[in-house]
Engineer: 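Quick one: this structure, given as structure tokens, is what I'll be asking you about.
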Amino acid sequence: MWKRVASLSPLISSKRSSTLNQAAYTFKLFESFTTETPTQGNDGMFFKGKTPFITFVLGGPGSGKGTQCEKIVENFGFTHLSAGDLLRREITSNTEYGAEILDTIKEGKIVPSEVTVKLIRKEMESSDNYKFLIDGFPRSEENRIAFERITEAEPDIVLFFDCPEEEMVKRVLNRNQGRVDDNIDTIRKRLKIFESLNLPVVNYYSKRGKLYKINAVGTADEIFEQVRPVFAAHEELST
Ligand SMILES: Nc1ncnc2c1ncn2[C@@H]1O[C@H](COP(=O)(O)OP(=O)(O)OP(=O)(O)O)[C@@H](O)[C@H]1O
Ligand SMILES: O=c1ccn([C@@H]2O[C@H](COP(=O)(O)O)[C@@H](O)[C@H]2O)c(=O)[nH]1
Ligand SMILES: [Mg+2]
């Protein structure tokens with residue numbers, strides 16, 4: 001099927017070609033997933049005897065997800081999987097989809113779900129830990145549904161860092177880590193996508209009683225004092 005899609009490309013105009021190339025990129029990945037047959041559920045698929053404890057960490061660009069994840073790791077022994085970092089690693093390692101991922105990130109768009117879920121799943125499977133922070137994912141309802149379908153797992157809790165737009169813009173523009181998407185044009189695009197595609201995911205988990213909304217204004221330490229009790233309570237429950 002991939003061959004068939006590739007052979008169509010020269011026959012089409014460049015604008016359509018770019019759309020179709022994106023479709024082919026998605027399709028090829030999707031095909032590689034559908035040939036894999038996950039045979040076990042959440043408890044048995046990745047984690048040698050332990051039920052995984054999965055936390056999704058959501059919030060707009062610059063809301064402080066990565067900063068707070070570091071503190072959660074230090075204090076509660078989670079493994080931090082930043083979806084954005086996993087995608088950026090694909091770019092720097094020049095893997096098969098690195099170039100497409102780079103273009104997608106530059107545009108502030110969302111990488112096809114199958115790519116991201118595959119990277120997350122691989123990291124989970126190779127970890128000795130069973131407690132995961134999945135940072136910056138799912139970015140859309142489509143991401144969420146793909147994660148559930150492919151991993152047969154759901155998050156136990158979902159953190160949402162609620163931050164005003166002007167504060168997020170200020171933080172991202174001051175971040176200074178050389179990220180290709182830390183410029184005002186891409187930030188605006190990311191904020192729009194966050195509102196239209198990510199907030200529905202936040203609302204979904206809110207309705208399901210899994211959401212912990214954190215006021216992300218203040219110092220990182222102050223914010224962590226809101227985060228700490230969420231994990232402390234779950235630690236108590238599991239002992
Ligand atoms: N509470 C805070 N107050 C001020 N600056 C902060 C705070 N938390 C994080 N920062 C800074 O803001 C910038 C963005 O933070 P961070 O990278 O943690 O956000 P993020 O939500 O992971 O963003 P992205 O979605 O773009 O990856 C960083 O430079 C970080 O040091
Ligand atoms: O699940 C994901 C996560 C990220 N992306 C793309 O990466 C950038 C940067 O993500 P950060 O979480 O801010 O590090 C994001 O704007 C998306 O383009 C993605 O597609 N899917
Ligand atoms: Mg981050």
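Whatever order the structure lists them in is the order used to number ligands and atoms, beginning at 1. For the numbers below, each heavy atom of this structure counts, side chains included, while hydrogens, waters and symmetry mates do not.
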Engineer: Determine whether the side chains of Asn183 and Thr186 contain a donor N or O and an acceptor N or O closer than 3.5 Å.
Structural biologist: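 Present: a donor and an acceptor within the cut-off.
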Engineer: Compare all side-chain heavy atoms of Phe224 with those of Asn75 and state whether any distance is below 4.5 angstrom.
Structural biologist: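 Touching, per the 4.5 Å side-chain cut-off.
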Engineer: Relative to ligand 1, is Glu222 under 4.0 angstrom through side chain, backbone, both or neither, heavy atoms considered?
Structural biologist: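 Neither; no heavy atom under 4.0 Å.
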Engineer: Give me the nearest non-hydrogen protein atom to atom 19 (C) of ligand 2 as residue plus atom name, then the distance to 0.1 Å.
Structural biologist: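 Minimum-distance protein heavy atom for atom 19 (C) of ligand 2 reads Leu87 CD1, 3.5 Å.
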Engineer: Under a 4.0 angstrom heavy-atom cut-off, which atoms of ligand 2 come close to Thr116?
Structural biologist: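 So the answer, numbered in order with elements, is 1 (O).
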Engineer: Can you find an N/O atom of Val111 closer than 3.5 Å to an N/O atom of ligand 2?
Structural biologist: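 Between Val111 and ligand 2 (N or O atoms, distance only) the closest approach is under 3.5 Å.
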Engineer: Could you pull out, from Thr67, Val217, Val172, the option with a heavy atom nearest to atom 18 (O) of ligand 1?
Structural biologist: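 The nearest heavy atom belongs to Thr67.
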Engineer: So between Arg175, Lys65, Arg139, Gln177, whose heavy atom ends up nearest atom 21 (O) of ligand 1?
Structural biologist: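 Nearest option to atom 21 (O) of ligand 1, by heavy atoms: Lys65.
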Engineer: Is atom NZ of Lys109 surrounded by more than 12 heavy atoms (other residues, nucleotides or ligands) closer than 6.0 Å?
Structural biologist: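 For Lys109, atom NZ is not crowded (no more than 12 foreign heavy atoms under 6.0 Å).
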Engineer: What is the nearest protein non-hydrogen atom to atom 23 (O) of ligand 1, stated with its residue, atom name and distance?
Structural biologist: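 Residue, atom and distance for the closest contact: Gly62 N, 2.9 Å.
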Engineer: Can you pull out the closest protein heavy atom to atom 19 (O) of ligand 1? Residue, atom name and distance to 0.1 Å, please.
Structural biologist: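 I find the closest protein heavy atom is Gly64 N, 3.2 Å.
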Engineer: Any heavy-atom pair between the side chains of Leu159 and Gln68 that's under 4.5 Å?
Structural biologist: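 The answer is no, as the side chains (C-beta and beyond) never meet within the 4.5 Å cut-off.
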Engineer: Within the 4.0 Å heavy-atom shell around Ala83, which atoms of ligand 2 are there?
Structural biologist: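 Near Ala83, meaning under 4.0 Å from one of its heavy atoms, ligand 2 has 1 (O), 2 (C), 3 (C).
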Engineer: Can you check whether Arg88 has an N/O within less than 3.5 Å of an N/O in ligand 1?
Structural biologist: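 Between Arg88 and ligand 1, no N or O pair is found under 3.5 Å apart.
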Engineer: Under a plain distance cut-off of 3.5 Å, with no hydrogens placed, do Asp135 and His80 share a side-chain donor-acceptor pair?
Structural biologist: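 The criterion, which ignores hydrogens and geometry beyond distance, is satisfied for Asp135 and His80.
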Engineer: Say you draw a straight line from CZ of Arg149 to CD of Glu114; how long is it, rounded to the nearest 0.5 Å?
Structural biologist: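 CD of Glu114 is found 5.0 Å from CZ of Arg149.
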Engineer: Given side chains that start at C-beta, do those of Glu90 and Glu96 come closer than 4.5 Å, heavy atoms only?
Structural biologist: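 Heavy-atom side-chain distance check fails, nothing below 4.5 Å.
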Engineer: Can you check which of Thr186, Val172, Leu119, Asp181 brings a heavy atom nearest to atom 8 (C) of ligand 2?
Structural biologist: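 Selected option, by shortest heavy-atom distance: Asp181.
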Engineer: Any atoms of ligand 2 less than 4.0 Å from a non-hydrogen atom of Gly136? List them with their elements.
Structural biologist: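 Close to Gly136: 1 (O), 2 (C), 3 (C).
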Engineer: Which residue and atom name correspond to the protein heavy atom nearest atom 17 (C) of ligand 2, and how close is it?
Structural biologist: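 Of the protein heavy atoms, Lys109 O, 3.2 Å lies nearest.
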Engineer: Do Phe161 and Leu58 have side-chain heavy atoms sitting under 4.5 Å apart?
Structural biologist: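 No - every pair of side-chain heavy atoms lies 4.5 Å or more apart.
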Engineer: If you count the atoms of ligand 1 from 1 in the order shown, which ones are under 4.0 Å from a heavy atom of Gly60?
Structural biologist: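 Those atoms are 21 (O).
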Engineer: State whether Glu141 and Arg144 are salt-bridged, where the test is any N-O pair (Lys NZ or Arg NE/NH1/NH2 against Asp/Glu carboxylate O) under 4.0 Å.
Structural biologist: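 The answer is yes: the pair qualifies as a salt bridge.
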Engineer: So, 4.0 Å and heavy atoms of Glu107: is ligand 2 close enough to count as a contact?
Structural biologist: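 Checking ligand 2 against Glu107, which is what was asked, there is no heavy-atom contact under 4.0 Å.
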Engineer: Taking 4.0 angstrom as the limit, do Arg89 and Glu123 come out as a salt bridge?
Structural biologist: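 Yes, Arg89 and Glu123 are salt-bridged.
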Engineer: Hey, do the aromatic rings of Tyr205 and Phe160 have their centres closer than 6.0 Å?
Structural biologist: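 Not under 6.0 Å, so no.
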Engineer: With atoms numbered from 1 as shown, which atoms in ligand 2 lie under 4.0 angstrom from a non-hydrogen atom of Arg88?
Structural biologist: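 Those of ligand 2 that fall under 4.0 Å from Arg88 are 9 (C), 14 (O).
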Engineer: Could you identify the single nearest non-hydrogen protein atom to atom 22 (O) of ligand 1 and state the distance to 0.1 Å?
Structural biologist: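 Nearest neighbour among protein heavy atoms for atom 22 (O) of ligand 1, to 0.1 Å: Gly66 N, 3.0 Å.
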Engineer: Which is closest to atom 7 (C) of ligand 1 by heavy-atom distance: Glu167, Gln68, Arg171?
Structural biologist: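 Considering heavy atoms of Glu167, Gln68, Arg171, the nearest to atom 7 (C) of ligand 1 sits in Arg171.
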Engineer: Among all the protein's non-hydrogen atoms, which is closest to atom 27 (O) of ligand 1, and how far away is it?
Structural biologist: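 Here the closest protein heavy atom is Arg179 NH1, 3.0 Å.
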Engineer: Below 4.0 angstrom from a heavy atom of Pro61, which ligand 1 atoms are there? Numbered from 1 as shown, please.
Structural biologist: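 Ligand 1 atoms under the 4.0 Å threshold to Pro61: 25 (O), 26 (O).
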Engineer: Is it true that Ser63 lies under 4.0 Å from ligand 1, counting heavy atoms only?
Structural biologist: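 Judged by the 4.0 Å heavy-atom criterion, Ser63 does count as contacting ligand 1.
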Engineer: At what distance is the nearest protein heavy atom to atom 10 (O) of ligand 2, and which residue and atom is it?
Structural biologist: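 Here the nearest protein heavy atom works out to Arg139 NH2, 3.3 Å.
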Engineer: Going by heavy atoms in the side chains, are Thr55 and Pro155 under 4.5 Å from each other?
Structural biologist: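 SC-SC contact between Thr55 and Pro155 ruled out.
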Engineer: Can you sort out which atoms of ligand 1 are near Gly218, meaning under 4.0 Å from one of its heavy atoms?
Structural biologist: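 Counting atoms of ligand 1 from 1, those under 4.0 Å from Gly218 are 1 (N), 2 (C), 3 (N).
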Engineer: Could you tell me whether Arg190 and Asp181 have a side-chain N and a carboxylate O separated by less than 4.0 Å?
Structural biologist: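 Salt bridge between Arg190 and Asp181, a charged N being under 4.0 Å from a carboxylate O: yes.
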Engineer: Using 4.0 Å as the upper bound for N to carboxylate O, is an ion pair formed by Glu167 and Lys170?
Structural biologist: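 Salt bridge: yes.
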Engineer: Evaluate side-chain hydrogen bond (donor to acceptor under 3.5 Å, both in side chains) for Asn129 paired with Thr79, printing each intermediate quantity in order.
Structural biologist: CA-CA 7 Å; Asn129 203 348; Thr79 291; 3.0 Å; yes
Engineer: Would Lys65 count as a contact residue for ligand 2, given that I'm defining contact as a non-hydrogen atom of the residue lying under 4.0 Å from a ligand atom?
Structural biologist: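 No.
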Engineer: Going by the atom numbers of ligand 1, which of them fall below 4.0 Å from some non-hydrogen atom of Arg190?
Structural biologist: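 In order of number, 24 (P), 25 (O), 26 (O).
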Engineer: Are the aromatic ring centres of Phe147 and Phe137 under 6.0 angstrom apart?
Structural biologist: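 Yes, they do, as the ring centres are separated by less than 6.0 Å.
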Engineer: Check the surroundings of atom NZ in Lys71: do more than 12 heavy atoms from other residues, nucleotides or ligands lie under 6.0 Å from it?
Structural biologist: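 For Lys71, atom NZ is crowded (more than 12 foreign heavy atoms under 6.0 Å).
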Engineer: Which protein non-hydrogen atom lies closest to atom 1 (O) of ligand 2, naming both residue and atom, and how far is it?
Structural biologist: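 Going atom by atom, the protein heavy atom closest to atom 1 (O) of ligand 2 ends up being Phe137 CD1, 3.2 Å.
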Engineer: When you look for heavy atoms under 4.0 Å from ligand 1, do you find them on the side chain of Ile223, its backbone, both, or neither?
Structural biologist: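 It is the side chain that gets close, since no backbone atom is under 4.0 Å.
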Engineer: Flag the pair Asp185 and Lys106 as a salt bridge only when some basic side-chain nitrogen lies within less than 4.0 angstrom of an acidic carboxylate oxygen.
Structural biologist: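 Result for this pair is no, no salt bridge flagged.
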Engineer: Under 4.0 Å from a heavy atom of Thr219: give me the atoms of ligand 1 that qualify, with their elements.
Structural biologist: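 Heavy-atom distances to Thr219 below 4.0 Å select 1 (N).
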Engineer: Run the numbers for me: atoms of ligand 1, each under 4.0 Å from some heavy atom of Ala220, listed by number.
Structural biologist: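 Matching atoms, with element in brackets: 1 (N).
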Engineer: With a 4.0 Å heavy-atom cut-off (strictly under), which part of Lys189 contacts ligand 2: side chain, backbone, both or neither?
Structural biologist: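 Contact part for Lys189 vs ligand 2: neither.
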Engineer: Only heavy atoms of Ile110, strictly under 4.0 Å: list the atoms of ligand 2 that pass.
Structural biologist: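 Near Ile110, the atoms of ligand 2 are 20 (O).
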Engineer: Tell me the nearest of Ile105, Asn198, Val117 to atom 6 (C) of ligand 2, using heavy-atom distances.
Structural biologist: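 Comparing heavy atoms across Ile105, Asn198, Val117, the nearest one to atom 6 (C) of ligand 2 lies in Ile105.
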